[in-house]
2 protein chains.
Amino acid sequence: MKEGPDIAHIAALIGDPARANMLTALMSGKALTVSELAEEAGVTIQTASSHLSKLDAGGLLRPRKQGRHKYFSLANDDVAHVLEGLMGLAAGSGHLRTRTGPKDTELRKARVCYNHLAGDMGTQMFDSLMAQGHLAMDGGDLILTETGVEFTTGFQIDLSILRAKRTPLCRECLDWSERRSHLAGSLGRAFLSRFEELSWAKRDQKTRVVTFSQSGAKEFEQFFAMR
Amino acid sequence: MKEGPDIAHIAALIGDPARANMLTALMSGKALTVSELAEEAGVTIQTASSHLSKLDAGGLLRPRKQGRHKYFSLANDDVAHVLEGLMGLAAGSGHLRTRTGPKDTELRKARVCYNHLAGDMGTQMFDSLMAQGHLAMDGGDLILTETGVEFTTGFQIDLSILRAKRTPLCRECLDWSERRSHLAGSLGRAFLSRFEELSWAKRDQKTRVVTFSQSGAKEFEQFFAMR
DNA sequence: GAGATGGTTCGACTACGGTCGAAGTATGAA
DNA sequence: TTCATACTTCGACCGTAGTCGAACCATCTC
């Protein structure tokens, strides 16, 4: 009756509307300040502060002080992963916050998941990389193959920098809208920022939507076509 | 500020201690009655009933009436998956309900996750099946290869029955203790029940622990050795 | 220094939701 | 029919936790 970790505590942390809004906002991958998160959640700064300290104590956030600002971001990919999972359940039970509107289709098309590309285009990219043999599964872990290394370096992504970090290079992340995997981990992050550098795509500042330019979408299709 | 599914609602459902206990109990994969779940959660039958109707309304459970009993089980693998994820976070933040005791090591060794094998032996089995090429990733989906079909039928598992069901044959599930994937889906379930039929292993009724007999462990090692 | 801006702490208010006793409904047994 | 068991509904109680105003720190600017 009481073995295993204490689910209830952190589920309750996520379970408050204000905190859930903050966490959802942080799924954009950006680090946000207390006041930004307060606005995002629709509460005053005081309450936001108290919420954030609780989330931090629960290990869900990573705070960083910078001058008189305090920036919060999600603690790690695992947290983002669980949040996506919860979104999947919520979406499945037909409990959408907003009725499926025009913004919803944009979110399904391409969006930011923590720090990498998700949605239709995210899964397409993942599928393509697998089909081309650039990614492979090795005993439950996702790995970058030799051709994959070539491909990414050709994409102007410096793997040595990524490998130096503690976070895993490749991870898969389950998509709540597509119910399929897409690429997470530091490589997933690198791909997305590369898309931005090449101005193939732009993140919306507020809504997690990623919009590809017309030419950007074409380039993307070129590299990540299926078959 | 309000795009995406309503995380908070279902997170709050999981966030109550009594409900979390019930859900954890259901991770054993067994369907339990209202009174059993009440005892599991340490509350009276009335409150259990109200909790269960809320969980049901949230789409987390699948109720089945049978005579004057009402059996509840987890709605699907997705729910189990999210619960495992939450356990991972809770374990990671050092928030174990019970200090890592003797039962904890048993849980890490081999346990039931919803309806399939998890823990050290679960991930070992998954890794072995991947290494032997019986399982493979195909565009984000886990599939059974041709040799995999051979292997499982040689194991006296009737695939045609499994394929007839709506639930996916193969799925991967992230392990909170090992932080690696193991095999879920109807095939994962089939393997576990086969182990029981062969009396290689036995589930403990209360604690989710799976104990392998000495000879059973040897057989297991034979079939699912790494390399 | 003084003033402004970003966060935190404290205290008081409030409301939502978990809890159980008691009564009510269904199903099964005798 | 009568009794027992399994569960649900109702109502009342109570505690916890979210909320904000006000005052308090800390950091930067001038």
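Just the heavy atoms: all of them, side chains too, but no hydrogens, waters or symmetry mates, feed the values below. Labels below follow one simple rule: chain letters A, B, ... track the order of the sequence lines, proteins then strands, and each chain is numbered from 1.
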Atom-pair distance (CG on A:Asp56; C1' on C:dT8), nearest Å: 14 Å
Side chain to side chain contact (heavy atoms under 4.5 Å, CB included) partners for A:Lys202, two or more places apart: A:Thr211
Nucleotide-resolved protein contact map, nucleotides 11-24 of chain D, B/S/- at heavy-atom distance under 4.0 Å: -------SBBBB--
Pair A:Arg64, A:Ser73: side-chain N/O donor-acceptor within cut-off below 3.5 Å: yes
Look for any protein N or O under 3.5 Å of an N or O in nucleotides 1-6 of chain C and output each such pair with its distance, or none.
unit_1, atom_1, unit_2, atom_2, d
C:dT5, O2, A:Arg68, NH1, 3.3
C:dG6, O3', A:Arg68, O, 3.4

Under the side chain to side chain contact (heavy atoms under 4.5 Å, CB included) test, residues paired with B:Thr33 that sit two or more places apart: B:Ser35, B:Glu36, B:His69, B:Tyr71
Pairing residues for B:Arg194 by the side chain to side chain contact (heavy atoms under 4.5 Å, CB included) criterion, not counting sequence neighbours: B:Phe155, B:Gln156, B:Ile157, B:Glu197, B:Leu198
Short side-chain N/O contact from B:Ser49 to OP1 or OP2 of D:dC7, under 4.0 Å: no
Partners passing ring-ring contact (aromatic ring centres under 6.0 Å, His included) against A:His51 (at least two apart in sequence or in another chain): none
Whole-Å gap separating P (C:dT8) and CG (A:Leu37): 11 Å
Distance, rounded to the nearest Å, where B:Leu52 contributes CG and D:dC7 contributes P: 10 Å
Non-neighbouring partners of A:Glu219 that pass salt bridge (charged side-chain N to carboxylate O under 4.0 Å, His left out), sequence neighbours left out: none
Length of the CE-C1' vector between B:Met22 and D:dC7, whole Å: 13 Å
For B:Val112, all residues meeting side chain to side chain contact (heavy atoms under 4.5 Å, CB included), sequence neighbours excluded: B:Leu192, B:Arg203, B:Val210
Residues forming a ring-ring contact (aromatic ring centres under 6.0 Å, His included) with A:Phe212, sequence neighbours excluded: A:Phe220
